[in-house]
Amino acid sequence: MLRFAPSPTGDMHIGNLRVALFNYIMSRKRNEPLLVRIEDTDKERNVPGKEDEILAILALFKIEHQEHQLQSNNLRFHRAMALQLLHDKKAFNCFCTSETLEAKREASKENKIAYRYDGACENLHAEEVIDNPLPFTIRIKKPSDSITVRDIIKGESTFAPNDIDSFIIMRADKYPTYNFACAVDDMLSDVSLIIRGEDHLSNTPKQIAIQKALGYDRTIEYAHLPIILGHEGKKMSKRDDASSVKWLLEEGFLPEAISNYLILMGNKTPLEIFSLEEAIEWFDLETISKSPAYFDIDKLKFINREHLKGLDPKELSRYVGFADEEIGRLAKIFLEEVSTLKELREKISAIFAPKVVPDEYKEGFDILRDLTIKAPHFDDYESFKNHLIQHSGLKGKALFKPLRILIGGAEHGPELNDLYMHLKNYLKEVVK
Ligand code: GLU
């Protein structure tokens with residue numbers, strides 16, 4: 001089983017989508033099911049509606065999953081396992097208040113030493129625990145040996161017991177911490193390979209420590225993906241528009257182009273432009289670079305344009321709001337100038353919208369418009385043009401500039417001949 005474990009706390013970031021894609025690809029390659037686990041345990045941070053949004057994005061990107069869980073539904077297992085650890089004396093009740101802990105943390109900071117839990121509650125007598133009316137957390141005892149994480153991308157890292165520390169697994173409100181819920185759930189779902197962002201690398205030894213304490217002996221494989229950096233090499237934060245999947249879709253990037261780019265970035269791939277199905281053939285976690293990936297919107301635009309060029313004209317037509325494949329063909333000729341669906345829609349709607357005509361071309365424009373409305377149907381541009389020349393007496397720039405605005409919606413753009421070929425059946429609507 002592989003899993004994608006998003007928290008329903010905000011808009012989906014491209015980093016999360018990349019994690020989802022890689023998990024999906026590996027589940028397909030290994031022929032193992034994919035679980036989508038919504039990590040909703042942190043009640044305060046959950047945002048209503050985000051779960052549906054995540055599922056809709058996965059569907060749009062054709063990331064199929066076979067299992068679906070809400071982490072909060074596993075609460076009884078989290079509690080049972082915490083009790084088991086208490087019973088086995090692998091965990092203990094901690095009555096330290098947050099003020100006490102904060103003061104100790106401050107003191108370590110002043111003395112310039114790394115803060116570690118000082119074991120204050122580790123060896124309390126049974127009566128001290130049972131008779132204690134104060135709220136408590138449950139801490140797992142730090143492991144006796146170091147833990148080595150073997151990561152397919154990052155290599156090996158070893159963590160000393162002191163760095164893992166005796167950390168909290170259940171909060172005073174009787175809800176599990178992220179590390180505990182995650183470690184228990186991965187174990188219960190028999191997860192074989194965990195692919196996630198490198199910000200979780202320091203959590204991994206803690207999760208392994210939990211599973212070991214619970215007697216789980218399956219070795220889970222790990223792949224922690226390097227972070228994605230934006231321009232100027234800064235981490236792409238939620239504030240960068242381009243880091244939001246929703247924003248990219250609204251800007252008119254195709255899901256297949258976004259997937260292509262997220263698989264390509266920071267990776268060595270045999271092709272530059274490919275489909276998700278093709279990537280499943282050759283994808284290899286080992287070729288992913290250890291160093292951060294750089295997000296380059298121009299590269300994404302280039303890839304998007306290539307995918308738009310490859311679309312069936314009928315499909316492209318639908319994307320720009322029409323049903324006729326001729327409009328899809330028309331849209332394709334604009335791909336020389338633009339690279340997103342949003343830009344394409346602007347170009348096409350300018351053709352059908354009332355025209356904005358500079359004063360110098362107004363007169364010519366009105367003459368040509370009138371002639372076009374009354375003209376018979378011409379199958380080719382040459383005949384149409386000759387008809388206009390003959391009846392208007394206009395030529396050169398005085399003819400072509402207003403004509404371009406009339407049937408192209410702009411002063412500059414594709415060849416008039418090409419525009420005409422795709423628009424000849426729409427002329428009356430275009431010039432209305
Ligand atoms: N809910 C965590 C996140 O969204 C999941 C991390 C994991 O995959 O374990 O970052």
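Basis for what follows: all heavy atoms, side chains included, without hydrogens, waters or symmetry-related copies. Start at 1 and go down the list; that is how both ligands and their atoms are numbered.
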Practice task
At a heavy-atom distance under 4.0 Å, which protein residues reach ligand 1? Sort them by chain and number, would you?
Solution key: Arg3, Ala5, Pro6, Ser7, Glu39, Tyr178, Cys182, Arg196, His200
Exercise for the section: Please check if atom CZ in Arg45 has more than 12 non-hydrogen atoms from other residues, nucleotides or ligands closer than 6.0 Å. Expected result: no
Completion exercise
Shortest non-hydrogen pair, Ile227 vs Glu198, comes out as N-OE2, 3.4 Å
Handout entry: Candidates Asp240, Leu21, Leu248 - the one meeting side-chain contact (heavy atoms from CB on, under 4.5 Å) with Ile14
Key = Leu248
Problem - Any side-chain heavy-atom pair of Phe159 and Thr148 under 4.5 Å - result: no
Handout entry: Contact check, side chains of Glu277 and Arg28, non-hydrogen atoms, under 4.5 Å
Key = yes
Problem - Pi-cation contact, Tyr319 with Lys314 (under 6.0 Å, within 45°) - result: no
